[in-house]
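Quick note: numbers below take in every heavy atom, side chains included, and nothing from hydrogens, waters or symmetry partners. Computed from a predicted model, the values in this text were never measured in an experiment.
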Amino acid sequence: KAIFSDYLSGFVLCSSVENGRPLDPADWAVIDVVNYFRTAGFEEQASAFQEQEIDGKSLLLMTRNDVLTGLSLKLGPALKIYEYHVKPLQTQHLKNNSL
């Protein structure tokens, strides 16, 4: 069982369509968002995205305040999640879709 779990976590680390998560965050299901934050090192905080049913479209609409207060996360991890993950995903999505 542990081997299978390790295999799956390694599998999700690949950043491509093959990992089951679409490249465009707007197409992510709730589980894709959760897995993204788990593989980014936010195992504990990832469950908050599941509890709030944050899918890719919702993630791309989140403001800094949504992340800092709406998810009931500790301030440090919440700031890192927004600055290093949510904001860059939003920026990349805008670049890719403004062509």
Side-chain angles (χ1 to χ4, degrees):
K1 197 171 187 178
I3 294 169
F4 183 69
S5 172
D6 290 345
Y7 171 76
L8 281 181
S9 62
F11 188 67
V12 177
L13 289 173
C14 307
S15 181
S16 67
V17 179
E18 289 98 41
N19 68 8
R21 184 173 64 224
L23 286 175
D24 186 351
D27 298 328
W28 291 359
V30 174
I31 193 65
D32 297 320
V33 173
V34 171
N35 286 336
Y36 172 83
F37 286 107
R38 281 188 179 141
T39 58
F42 295 99
E43 180 72 39
E44 215 176 289
Q45 294 78 16
S47 60
F49 290 88
Q50 183 140 22
E51 289 162 15
Q52 294 297 322
E53 298 179 17
I54 306 292
D55 62 6
K57 283 184 179 67
S58 301
L59 184 68
L60 293 173
L61 292 171
M62 290 184 86
T63 64
R64 185 173 184 268
N65 194 50
D66 292 333
V67 177
L68 295 182
T69 60
L71 295 172
S72 302
L73 300 174
K74 288 184 181 173
L75 183 59
L79 286 168
K80 289 176 186 166
I81 284 171
Y82 182 75
E83 289 298 323
Y84 300 120
H85 296 282
V86 175
K87 201 161 119 182
L89 285 170
Q90 291 169 336
T91 303
Q92 192 60 48
H93 177 74
L94 286 173
K95 278 185 195 168
N96 291 345
N97 289 282
S98 64
L99 301 175

>> Run the side-chain contact (heavy atoms from CB on, under 4.5 Å) test on Met62 and Leu71 for me, step by step, so that the C-alpha distance in whole Å, both residues' side-chain angles and the decisive distance to 0.1 Å come before the verdict.
In response: CA-CA 11 Å; Met62 290 184 86; Leu71 295 172; 3.8 Å; yes
Keeping [X] on the side-chain end and [Y] on the backbone end, is there a donor-acceptor pair under 3.5 Å?
| X | Y | result |
| --- | --- | --- |
| Gln90 | Leu60 | yes |
| Asn96 | His93 | no |
| Asp66 | Thr63 | yes |

Hey, are the side chains of [X] and [Y] touching, using non-hydrogen atoms and a 4.5 Å cut-off?
| X | Y | answer |
| --- | --- | --- |
| Asn97 | Asp24 | yes |
| Val34 | Ser47 | no |
| Trp28 | Leu89 | yes |
| Leu59 | Phe37 | yes |

For residues 77-88, which side-chain donor-acceptor pairs fall under 3.5 Å, sequence neighbours excluded?
{"unit_1": "Glu83", "atom_1": "OE1", "unit_2": "Lys87", "atom_2": "NZ", "d": "3.2"}
{"unit_1": "His85", "atom_1": "ND1", "unit_2": "Tyr36", "atom_2": "OH", "d": "2.8"}

> If you take all heavy atoms of Ser58 and Ile54, which pair is closest and at what distance?
Replying inline: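 Minimum heavy-atom contact is CB-CG2, 3.9 Å.
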> How far does CG of Leu61 sit from CG of Asp55, to the nearest 0.5 angstrom?
Replying inline: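 So the gap between those two atoms works out to 9.0 Å.
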